[in-house]
Amino acid sequence: MSKPSLPQGTRDFGPDIVRKRAYIIDSIKKVFELYGFEPLETPAMENLDTLMGKYGEEGDKLIFKILNNGLSDPKNIDKAKAAFENVLAGKNDKNLTERALKYDLTIPFARYVAMNHGQLTFPFKRYQVQPVWRADRPQKGRYREFYQCDADVVGSTSLINEVELAGIYDKVFAQLNIPVEIKLNNRKILAALAECCGGSEKMTDITVAIDKLDKIGIEKVQEELRQRGLNEQQVDIITQYLKIEGTNTEKLDRIKTIFGASTTGAKGIEELEYILGYPSSLSGKNELVVDLTLARGLNYYTGAIFEVKAKHVTIGSIGGGGRYDDLTGLFGVPGIPGVGISFGVDRIYDVLEELKLFPEQVQSGTKVLFFNLGDAESKKAFELMQQLRAKSVSCELYHEQAKFDKQFKYADRKHIAYAAMIGSRELENGTCNVRNLATGEQKVLFFSELVDHPF
RNA sequence: GUGGCUGUAGCUCAGUUGGUUAGAGCAUCAGAUUGUGGUUCUGAGGGUCGCCGGUUCGAACCCGGUUAGCCACCCCA
């Protein structure tokens with residue numbers, strides 16, 4: 001027997017971690033529900049053609065493919081061998097693999113909407129929290145299996161959706177006590193910038209480069225722009241654009257003078273102003289900040305784009321999203337626009353850990369541990385425990401008679417708040433010693449009082 | 001896919017220019033302690049030094065290969 005191990009880039013989540021993650025995910029789900037979003041789950045695997053070609057050339061390589069069953073069946077062997085040649089040549093072949101693990105939540109959602117658009121009520125607002133898989137090489141903060149947590153509204157071009165999504169970000173992070181900056185920009189403004197710099201075909205090059213700004217700095221961005229074929233004058237325009245500073249209104253005024261003439265640019269500015277000018281749904285704890293340098297790597301965004309950064313920590317973005325024009329066109333159902341956001345659960349976890357913001361009670365499951373101090377004693381304890389459970393107090397009885405030391409240690413390790421001790425003397429008196437394990441404070445309660453004790 | 005670093009006890013890691021029987025801390029178990037924990041003290045168990053080969057009188061240590069993990073790049077969450 002070889003040592004058991006995990007596949008590269010995957011993780012087990014122990015009890016403590018599951019509890020903490022559930023705290024994050026439950027908070028997010030509750031807010032989604034509060035805003036009228038409905039849950040959706042899709043299978044772990046999709047047909048390979050549903051996924052292929054949707055994530056670019058790089059993305060295709062990172063899709064986890066599933067080998068077909070029954071390849072060794074004599075009647076399939078020749079086909080399988082021929083298929084393998086195809087695969088070696090870098091192509092896919094259905095005779096070898098026709099299914100794959102899902103790569104993100106957006107494409108399966110698009111597939112679902114395309115399949116069910118006749119039945120759905122639009123605008124359709126869905127949220128989805130599920131694992132996805134990537135055949136990437138893992139590194140810090142990057143895994144081969146990880147959770148995505150998405151909410152999208154499809155079938156509506158109304159900017160009220162953007163306002164609502166910003167509100168969701170604000171509400172979630174206010175609840176989790178993480179101060180954040182919700183950054184907002186608009187792809188149409190970036191499109192206008194591209195127009196000024198030699199045409200819209202440069203749009204992707206420009207966004208990919210300036211998306212890296214906060215990571216690599218202005219000089220490297222300029223270098224990358226040159227590498228991507230922009231001339232000095234164009235790099236100069238972009239540099240000036242990236243240096244625009246001030247309040248939201250100041251920034252908007254500034255770009256109005258630059259891009260006001262461009263219809264696309266004017267539209268983008270108008271959209272930004274609409275979102276910012278809408279009666280605020282924000283808690284007041286977080287700010288909505290126009291960040292003209294925000295670009296987002298994904299090039300299917302066409303309107304508003306979002307990104308959320310936690311204040312006071314160096315960790316990168318903990319959420320992002322934006323508007324796209326045509327979600328389901330790839331699946332033969334054109335004309336369904338949408339806007340969505342995503343939460344980075346793993347990074348939010350790291351932020352909460354770093355800022356020590358996980359509430360104490362997240363840690364514990366069992367509230368009361370009944371000590372086992374003998375046969376007759378434990379039977380009485382068992383009865384009392386059942387009464388407490390009937391009142392929804394989670395509790396357990398130590399599994400065997402043991403020294404106090406052991407039972408205390410067990411309680412400690414499971415972060416149990418109270419120990420209920422019934423020994424021979426207590427059994428005789430009809431009492432129970434209830435000890436608060438954090439404070440050491442101990443009370444004597446009659447059996448009848450225990451059930452109503454506020455744990 | 002490309003590059004760098006690391007594999008020694010359950011965990012975190014020492015291990016001298018290659019030299020007797022490979023160590024520590026934490027954890028576990030037992031005792032000090034037969035009714036009150038997180039402290040302390042004593043003791044015990046626990047190892048294919050990732051794996052295969054080579055050099056050598058002798059390898060955890062040097063060399064080659066292999067495998068796994070981590071980190072960075074590309075890309076992304």
Side-chain angles (χ1 to χ4, degrees), chain A residues 1-11 14 54-63 90 102-106 129-150 204 207-209 211-212 215-216 220 224 227 295-300 306-309 315-321 340-351 369 371-374 377 398 401-429 431-444:
Chain A
M1 246 324 250
S2 59
K3 269 191 191 172
S5 64
L6 281 172
Q8 188 184 40
T10 66
R11 302 162 285 175
K54 309 298 193 298
Y55 307 105
E57 212 175 305
E58 281 297 314
D60 281 358
K61 287 187 202 157
L62 300 180
I63 293 171
K102 70 170 172 256
Y103 180 90
D104 73 352
L105 300 180
T106 308
V129 184
Q130 287 192 278
V132 301
W133 294 268
R134 295 189 186 175
D136 203 357
R137 196 172 289 196
Q139 54 179 284
K140 198 177 180 66
R142 266 171 85 182
Y143 303 92
R144 289 184 144 185
E145 178 186 69
F146 62 97
Y147 278 72
Q148 286 193 334
C149 182
D150 285 15
T204 307
T207 52
V208 168
D211 184 46
K212 297 177 185 170
K215 210 173 167 184
I216 62 176
K220 295 257 171 158
E224 175 147 354
Q227 270 172 20
R296 307 277 305 154
L298 300 169
N299 52 27
Y300 55 73
F306 296 102
E307 202 158 287
V308 182
K309 273 200 92 166
I315 294 167
S317 90
I318 53 178
I341 55 171
S342 181
F343 286 83
V345 176
D346 288 300
R347 280 188 177 175
I348 293 171
Y349 184 100
D350 291 342
V351 171
L369 177 69
F371 275 28
N372 187 330
L373 301 171
E377 291 87 343
Y398 197 77
Q401 186 176 356
K403 292 199 283 188
F404 275 76
D405 174 78
K406 271 201 139 182
Q407 308 199 39
F408 273 122
K409 271 193 181 165
Y410 179 80
D412 269 347
R413 228 169 271 175
K414 286 193 74 173
H415 306 111
I416 294 171
Y418 295 92
M421 295 170 275
I422 301 161
S424 53
R425 288 203 290 271
E426 288 75 19
L427 191 59
E428 223 169 277
N429 301 337
T431 60
C432 175
N433 294 338
V434 175
R435 187 177 178 90
N436 179 325
L437 293 175
T439 62
E441 182 196 354
Q442 190 163 315
K443 285 182 197 163
V444 182

Item to check | All side-chain hydrogen bond (donor to acceptor under 3.5 Å, both in side chains) counterparts of A:Gln442, not counting sequence neighbours | outcome: A:Arg435
Checklist entry - When the nearest nucleotide of RNA chain B is assigned to A:Gly9 and to A:Gln148 on a heavy-atom basis, which residue is associated with the more 5' position? => result A:Gly9
Checklist outcome for this item: The salt bridge (charged side-chain N to carboxylate O under 4.0 Å, His left out) partners of A:Arg142 (sequence neighbours excluded) come to A:Asp136
Next on the checklist: The test is side chain to side chain contact (heavy atoms under 4.5 Å, CB included); show your working for A:Lys212 and A:Glu224 and say whether it passes.
Outcome noted: CA-CA 10 Å; A:Lys212 297 177 185 170; A:Glu224 175 147 354; 3.1 Å; yes
Checklist entry - Could you walk me through whether A:Lys54 and A:Thr106 pass the side chain to side chain contact (heavy atoms under 4.5 Å, CB included) check? => result CA-CA 10 Å; A:Lys54 309 298 193 298; A:Thr106 308; over 6 Å; no
Checklist entry - Whole-Å distance between B:A77 P and A:Gln130 CD? => result 17 Å
Checklist entry - Using the C1' atom in both, what is the distance from B:G23 to B:G38, to the nearest Å? => result 29 Å
Next on the checklist: Base, sugar-phosphate or nothing for A:Tyr143? Non-hydrogen atoms, less than 4.0 Å.
Outcome noted: base
Checklist entry - Say you pick atom C1' in B:G58 and the same atom in B:U66; how far apart are they, in whole Å? => result 25 Å
Next on the checklist: Quiz question: by atom type and distance under 3.5 Å, do the side chains of A:Asp346 and A:Tyr143 form a donor-acceptor pair?
Outcome noted: no
Item to check | A:Glu426 side chain vs A:Gly423 backbone, donor-acceptor pair below 3.5 Å | outcome: yes
Checklist entry - Passes side chain to side chain contact (heavy atoms under 4.5 Å, CB included), A:Met421 versus A:Phe408? Steps please. => result CA-CA 11 Å; A:Met421 295 170 275; A:Phe408 273 122; 4.2 Å; yes
Checklist entry - With A:Glu377, which residues qualify under side-chain hydrogen bond (donor to acceptor under 3.5 Å, both in side chains), at least two apart? => result none
Checklist entry - What integer distance in Å separates A:His415:NE2 from B:G38:C1'? => result 12 Å
Item to check | Interatomic distance, A:Arg144 CZ vs B:C75 P [rounded to whole Å] | outcome: 19 Å
Checklist entry - Contact class for A:Lys215 (heavy atom, under 4.0 Å): base, sugar-phosphate, or nothing? => result base
Next on the checklist: Could you tell me how far B:G18 sits from B:U55 if I compare only their C1' atoms? Round to whole Å.
Outcome noted: 12 Å
Next on the checklist: For the P atoms, the ones on B:C11 and on B:C74, what distance do you get once it is rounded to whole angstrom?
Outcome noted: 34 Å
Checklist outcome for this item: From the list A:Phe404, A:Tyr398, A:Tyr418, ring-ring contact (aromatic ring centres under 6.0 Å, His included) partner of A:Phe371 resolves to A:Phe404
Item to check | Reading 5' to 3' through nucleotides 25-37 of chain B, protein heavy-atom contacts under 4.0 Å coded B for base, S for sugar-phosphate only, - for none | outcome: ---S--S---BBB
Checklist entry - Please give, in whole Å, the distance from B:C76 C1' to A:Leu105 CG? => result 15 Å
Checklist entry - With a 4.0 Å cut-off on heavy atoms, is A:Gly59 in touch with a base, just the backbone sugar-phosphate, or nothing at all? => result nothing
Next on the checklist: With a 3.5 Å distance limit and no angle check, can you tell me whether A:Arg144 reaches the backbone of A:Pro138 through a side-chain donor-acceptor pair?
Outcome noted: no
Next on the checklist: Expected output check: what is the dot-bracket annotation of RNA chain B, where ( ) and [ ] are pairs inside the strand (brackets for crossing ones), | is paired with another strand, and pairs are Watson-Crick or G-U under 3.5 Å?
Outcome noted: (((((((..((((.....[...)))).(((((.......))))).....(((((..]....))))))))))))....
Next on the checklist: Checking the side chain of A:Asp211 only, and the main-chain atoms of A:Arg296 only, is there a donor and an acceptor separated by less than 3.5 Å?
Outcome noted: yes
Next on the checklist: Rounding to an integer number of angstrom, what distance separates B:C13 and B:C70 when you compare their P atoms?
Outcome noted: 14 Å
Checklist outcome for this item: Distance col, row A:Asp60:CG vs A:Tyr103:OH, nearest 0.5 angstrom, shows 9.0 Å
Next on the checklist: Taking only the P atom of each, what is the distance from B:A59 to B:U21 in whole angstrom?
Outcome noted: 11 Å
Item to check | Same-atom distance (C1') from B:U16 to B:U12, integer angstrom | outcome: 22 Å
Checklist outcome for this item: Once base and sugar-phosphate atoms are separated, protein heavy atoms under 4.0 Å mark nucleotides 1-8 of chain B, 5' to 3', with B, S and - as -BB-----
Checklist entry - Rounded to the nearest Å, what distance is computed from the OH atom of residue A:Tyr300 to the C1' atom of nucleotide B:A77? => result 11 Å
Checklist entry - Using a cut-off of less than 4.0 Å, is there contact between a side-chain N or O of A:Gln139 and OP1 or OP2 of B:C70? => result no
Item to check | Nearest-Å distance once atom P is located in both B:C62 and B:G7 | outcome: 10 Å
Next on the checklist: Using only atom types and a distance under 3.5 Å, with no angle test, would you say the side chain of A:Glu145 pairs donor to acceptor with the backbone of A:Arg11?
Outcome noted: no
Checklist entry - In whole angstroms, how far is the C1' atom of B:C76 from the NZ atom of A:Lys212? => result 11 Å
Checklist outcome for this item: Heavy-atom nearest nucleotide on RNA chain B taken for A:Arg347 and for A:Lys140; more 5' hit belongs to A:Lys140
